[in-house]
Protein chains: 2
Amino acid sequence: MSHNIATGEMRIGDLARRAEVTPRTLRYYESLGLLQPAARRSGGFRLYDEAAVRRLARIRQLKELLGFSLDEVREILRSEDAVQEIRARYLGTEDAGVRAQLLRQALERAGAQRELVRRKLAGLQAMDDEIAERQARIRQLLQQSTGAGGRQE
Amino acid sequence: MSHNIATGEMRIGDLARRAEVTPRTLRYYESLGLLQPAARRSGGFRLYDEAAVRRLARIRQLKELLGFSLDEVREILRSEDAVQEIRARYLGTEDAGVRAQLLRQALERAGAQRELVRRKLAGLQAMDDEIAERQARIRQLLQQSTGAGGRQE
DNA sequence: TTGCAAATTGATCTTTGCGTCAAGGTTAGC
DNA sequence: GCTAACCTTGACGCAAAGATCAATTTGCAA
């Protein structure tokens with residue numbers, strides 16, 4: 001059994017198939033400090049869990065969708081990991097003052113991340129608008145043309 | 001004078017500075033058939049015009065913002081150039097039927113381009129929404145926290 | 001006319017993000 | 001306990017997108 005459904009543990013090939021990447025890619029990501037296996041089996045086999053599946057999906061999203069380099073992805077993940085740490089500390093304290101402080105930190109990080117995404121988004125929006133405008137102009141010409149020239153079809 | 005303001009003619013270094021790339025990059029783009037200089041001076045110096053500035057900006061936008069490879073950029077530009085050609089032919093005919101046909105071609109191309117952009121946009125939107133949601137959750141916690149713990153500031 | 005910044009072509013170098021062997025070690029199933 | 005499928009590390013290869021020489025030329029400017 002290569003894939004223990006109950007514990008969610010899987011070997012490198014299983015994870016690779018699930019994420020549609022090659023094992024080589026996963027080893028490479030590991031070497032860059034992007035994705036660590038949850039454990040190693042006695043023989044040396046890497047073992048991954050469900051958290052790894054999610055993290056890998058995130059990596060691919062950042063790389064493919066947003067076009068970040070793996071170096072940038074590492075920085076972003078580092079930041080996200082920090083948020084998780086803040087969350088853990090938040091859950092670990094009862095002190096309202098400390099809690100509020102931690103929340104503010106998390107908020108700040110989320111804000112920074114959003115900034116990044118919104119910049120890309122704005123550029124894309126502008127492009128979309130531009131194309132839409134062009135389409136509208138052409139459509140209008142087409143209307144005039146087929147309207148004036150006697151409608152066809 | 002390296003940069004004739006009146007005619008908008010400039011040499012490779014001028015264009016490079018304006019677009020924040022290196023001259024090497026421009027020569028490379030030329031070798032890929034992405035950006036042709038408007039002319040060459042007798043000595044062999046490349047001369048660029050304002051159209052080149054715009055085209056270069058477009059290339060960078062497609063590459064940096066949308067994450068297209070230079071190969072893909074070339075295809076997209078080819079398509080855009082085709083639109084320009086359609087436009088020229090449109091202006092060159094009076095035949096309403098031909099005109100309508102050309103307009104429909106242009107419309108189709110614009111549609112295809114928009115599809116591409118919108119796919120990227122959708123992914124980014126989803127990411128932005130996700131972050132926004134996270135922010136909202138944190139803000140709510142913060143409200144509760146500072147609300148319950150006695151407001152400060 | 002000489003001098004220096006900027007240009008030319010050509011060649012080789014670098015980085016990123018993996019792919020592809022090579023030579024073995026591990027493990028599930030029979 | 002054997003075999004096939006999977007895994008290990010290590011090394012080299014490769015395409016994209018330039019960067020960096022190197023050896024000359026060009027051309028404005030004093």
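Predicted, not measured: the structure shown is a model, and the values here were computed from it. Chain letters run A, B, ... following the sequence lines, proteins first, then strands; residues in each count from 1.
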Assuming nearest nucleotide by heavy-atom distance, tell me which of A/Arg24 and B/Ile12 is located more 5' along DNA chain C.
B/Ile12
Whole angstrom value for the distance that separates C1' of C/dT8 from CZ of B/Arg40:
8 Å
Within the supplied structure, the quantity of interest is the number of heavy atoms (other residues, nucleotides, ligands) at a distance under 6.0 Å from A/Glu108 CD; does it exceed 12?
no
Could you check how far CD of A/Glu30 sits from C1' of D/dC7, rounded to whole Å?
13 Å
Do the side-chain N or O atoms of A/Ser42 get closer than 4.0 angstrom to the phosphate oxygens (OP1, OP2) of C/dT27?
yes
Does B/Thr25 put a side-chain nitrogen or oxygen below 4.0 Å from OP1 or OP2 of D/dA17?
no
What is the distance, to the nearest angstrom, from the CG atom on B/Asp14 to the P atom on D/dG27?
14 Å
Just to confirm, is there a sub-4.0 Å distance from OP1 or OP2 of C/dT16 to any side-chain nitrogen or oxygen of A/Ser69?
no
Interatomic distance, B/Arg27 CZ vs D/dA17 P [rounded to whole Å]
18 Å
Kindly determine whether B/Glu30 and B/Arg46 satisfy salt bridge (charged side-chain N to carboxylate O under 4.0 Å, His left out), including the steps that lead there.
CA-CA 11 Å; B/Glu30 183 180 347; B/Arg46 289 165 177 82; 2.5 Å; yes
Checking C/dG17, C/dT8, D/dA19 against the side chain of A/Lys63 (C-beta onward), the nearest is C/dG17
Pairwise 5' ranking along DNA chain D for B/Gly43 and B/Glu64, keeping only the more 5' one
B/Glu64
With a cut-off of less than 4.0 Å, is there a side-chain N or O of A/Arg46 near OP1 or OP2 of D/dT9?
yes
Which whole-number value in Å describes the distance from B/Leu32 CG to D/dA17 C1'?
9 Å
Closest-nucleotide mapping onto DNA chain C: is A/Phe45 or A/Asp71 further toward the 5' terminus? I mean the 5' end.
A/Asp71
Which heavy atom of A/Ile59 sits nearest to which heavy atom of A/Leu34, and what is that distance?
CD1-O, 3.9 Å
Over how many whole Å does the gap from A/Tyr28 atom OH to C/dT20 atom P extend?
16 Å
Hey, are A/Arg137 and A/Gln140 close enough side-chain-wise for a donor-acceptor pair under 3.5 Å?
no
Between C/dA7, C/dC18, D/dG18, spot the one nearest the side chain of A/Tyr29, thanks.
C/dC18
Under the side-chain hydrogen bond (donor to acceptor under 3.5 Å, both in side chains) test against A/Tyr29, which residue among A/Arg74, A/Arg60, A/Gln36 passes?
A/Arg60
Distance, rounded to the nearest Å, where B/Arg41 contributes CZ and C/dA5 contributes C1'
13 Å
Quick one: is B/Arg11 getting a side-chain N or O under 4.0 Å of the C/dA6 phosphate, OP1 or OP2?
no
Whole-Å distance, A/Ile59 CD1 to C/dG17 P, equals 12 Å
